[in-house]
Amino acid sequence: MMPEPRSFDAYLPAPFGGLGIGIEGDRVARISFLSTAPPSGSISHPLLDQVRDQLRRYMEDPHARLQLPLHWQGTPFQQRVWQELRRIPVGSTRTYGEIAKRPNSSARAVGGACRTNHLVLIVPCHRVVAAGGLGGFSGETEGVMPNIKRWLLNHEGALNGEW
DNA sequence: ATCAGGTCTCAAG
DNA sequence: CTTGAGACCTGAT
């Protein structure tokens, strides 16, 4: 049996597919890439309106700020990496190795932390690339997800015709 | 204790 | 240029 998929409280279509949004109480708990709208209907909540709003704005302008009350859940190491990633400016990228340097960690460990990112876009995992290329995304080394990564980086102006 | 992973690096063909 | 092995650290079983 596959693990029970997390439920989403709202769905927002996007140029690269769509985004699922889930909240816990009055905080955003997860934002993920979805290819189709989740079966469960969306609920009504002011926070969801706010999230949709900010995400839509980001689609138009990559510099739009994403400022939302967030609900973090992860190991200390993961949280540390995520916070670090949030400091990568729009339009630039870091390699897994670069991120790993600080805590004397390793590139693979960073990849692992990225893979478990449940706040896509807010934690810009898409700005972390491999030393020799685009690198994987959301657990895939090729296919749909890396294409989304490409879209996002291009949207942010971080690709100079490469990859 | 063991293994797999969104990698890196270096050495050899 | 391409391939392969070993090394790195974390998280899950």
Could you state the [atom1]-[atom2] distance from [X] to [N], rounded to the nearest angstrom?
X	N	atom1	atom2	result
A:R108	B:dT9	CZ	P	14 Å
A:Q78	B:dG6	CD	P	13 Å
A:R102	C:dT10	CZ	C1'	19 Å
A:N104	C:dC9	CG	C1'	10 Å
A:Q79	C:dT10	CD	P	15 Å
A:K101	B:dT7	NZ	P	18 Å

- Starting at the 5' end of DNA chain C and moving along, which residue's nearest nucleotide shows up first, A:T116 or A:A107? A:A107
- Pairing of A:D53 and A:R57 as salt bridge, 4.0 angstrom limit: yes
- Can A:I88 be reached from A:L134 by stepping across I, L, V, M, F, W or Y side chains whose heavy atoms are under 4.5 Å apart? no
- Task: Decide whether A:Y11 and A:L55 are clustered together by the hydrophobic rule: side chain heavy atoms of Ile, Leu, Val, Met, Phe, Trp, Tyr closer than 4.5 Å, transitively.
- Result: no
- Using a heavy-atom cut-off of under 4.0 Å over every strand shown, decide if A:Y96 touches base, sugar-phosphate, or nothing. base
- Has A:R86 got more than 12 heavy atoms of other residues, nucleotides or ligands less than 6.0 Å from its CZ? yes
- Message: Quick check on C:dG11: is either OP1 or OP2 less than 4.0 Å from any side-chain nitrogen or oxygen of A:T75?
- Response: yes
- Note on the structure: Picking from B:dG6, B:dC8, C:dC9, the nucleotide nearest the side-chain atoms of A:A131 would be B:dC8
- Query: Given that both distances must come in under 3.5 Å, which nucleotide forms a Watson-Crick or G-U wobble pair with B:dG6?
  - Reply: none
